[in-house]
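Structure record follows, encoded as structure tokens.
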Amino acid sequence: MIRHIVVLALRKGSDTANVKQVMGELGALVDVLPGFVAFEHGPNLDFEQKSTGYPYGFICTFADARALQTYADDRTHKALGVRLVALCKGGADGIMVIDLEVPA
């Protein structure tokens with residue numbers, strides 16, 4: 001299994017309704033893309049105060065690396081990514097991605 005963890009450094013004044021709309025559309029890909037197992041999103045509570053610049057994030061769970069690649073190549077995912085980039089400080093530099101291989 002692959003956990004695709006994405007945290008967003010949203011620009012001040014970013015429209016939260018737009019963020020939630022993008023999250024909803026990303027989550028809908030679970031029903032469309034093979035091997036896309038789960039999608040979760042929400043505000044970063046940052047209890048340890050180590051990621052204060054990233055107030056929001058999401059986690060995708062994929063069956064394997066091939067499923068993650070299918071997601072990465074998907075036209076809808078790419079279009080939603082463009083929308084997220086526009087909402088983040090510094091554009092794409094405002095998005096941090098971590099991919100963890102975890103036991104199934």
Side-chain angles (χ1 to χ4, degrees):
M1 290 256 215
I2 306 284
R3 295 273 198 282
H4 179 71
I5 302 161
V6 181
V7 290
L8 307 169
L10 297 171
R11 283 186 293 110
K12 218 173 219 170
S14 286
D15 182 4
T16 56
N18 198 5
V19 173
K20 288 182 181 179
Q21 182 180 16
V22 171
M23 293 300 117
E25 292 180 43
L26 281 172
L29 293 175
V30 168
D31 297 326
V32 176
L33 299 176
F36 191 172
V37 178
F39 180 82
E40 302 166 292
H41 67 95
N44 176 9
L45 301 179
D46 193 22
F47 292 119
E48 295 183 25
Q49 297 296 296
K50 294 189 180 258
S51 56
T52 56
Y54 295 90
Y56 206 87
F58 61 93
I59 301 171
C60 303
T61 302
F62 296 98
D64 53 31
R66 183 167 34 168
L68 174 56
Q69 189 60 55
T70 298
Y71 167 81
D73 294 338
D74 180 73
R75 182 177 48 154
T76 300
H77 163 256
K78 287 180 179 183
L80 292 168
V82 168
R83 289 173 56 192
L84 282 180
V85 165
L87 293 168
C88 291
K89 292 180 207 171
D93 289 339
I95 300 174
M96 184 187 328
V97 178
I98 300 168
D99 295 313
L100 300 177
E101 186 170 25
V102 298

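Numbers here are sequence positions counted from 1. Scope of the values below: all heavy atoms of this structure, side chains included, with no hydrogens, waters or symmetry mates.
Under the 4.5 Å side-chain heavy-atom criterion for Ile, Leu, Val, Met, Phe, Trp and Tyr, Val7 and Ile59 are members of the same hydrophobic cluster. Cluster membership check: Val82 does not share its hydrophobic cluster with Leu84, using side-chain heavy-atom separations under 4.5 Å among Ile, Leu, Val, Met, Phe, Trp and Tyr. Clustering ILVMFWY residues whenever any of their side-chain heavy atoms sit less than 4.5 angstrom apart, transitively, puts Met23 in the very cluster that holds Val30. In the hydrophobic clustering of this structure, Met96 groups with Leu100; members are Ile, Leu, Val, Met, Phe, Trp, Tyr whose side-chain heavy atoms approach within less than 4.5 Å, directly or through other members.
Here Leu68 contributes atom CG and Met1 contributes atom CE; the two are 13.0 Å apart, rounded to the nearest 0.5 Å. Between the CG atom in Leu8 and the OH atom in Tyr54 there is a gap of 9.5 Å [rounded to 0.5 Å]. Rounding to the nearest 0.5 Å gives a distance of 8.5 Å between CG of Asp99 and CZ of Phe62. Of the inter-residue distances, the one linking Thr76 atom OG1 with Leu33 atom CG reads 8.0 Å to the nearest 0.5 angstrom. Between the CG atom in Asp64 and the CD1 atom in Ile2 there is a gap of 7.5 Å [rounded to 0.5 Å]. The CG atom of Leu26 lies 9.0 Å from the CZ atom of Arg83; values are rounded to the nearest 0.5 Å.
In plain terms, the two heavy atoms of His4 and Val97 that are nearest each other are CE1-CG1, 3.3 Å. Contact between Ala67 and Pro34 at its shortest, heavy atoms only, is CB-O, 3.6 Å.
At distances below 3.5 Å, at least one donor-acceptor pair connects side-chain atoms of Arg11 with backbone N or O atoms of Ala86. At distances below 3.5 Å, at least one donor-acceptor pair connects side-chain atoms of Ser14 with backbone N or O atoms of Leu87.
Contact check for Val22 versus Phe58: no side-chain heavy atoms found under the 4.5 Å cut-off. Counting only heavy atoms from C-beta outward, the side chains of Leu10 and Cys88 approach each other to under 4.5 Å.
Screening residues 74-104 for ring-ring contact (aromatic ring centres under 6.0 Å, His included) gives Tyr71-His77 as the qualifying pairs, with residues at least two apart or on separate chains.
Relative orientation of the Phe39 and His41 rings is tilted, given thresholds of 30° and 60° on the angle between their planes.
Using a 3.5 Å distance cut-off with no hydrogens or angles, the side chains of Asp46 and Thr52 do not pair a donor with an acceptor.
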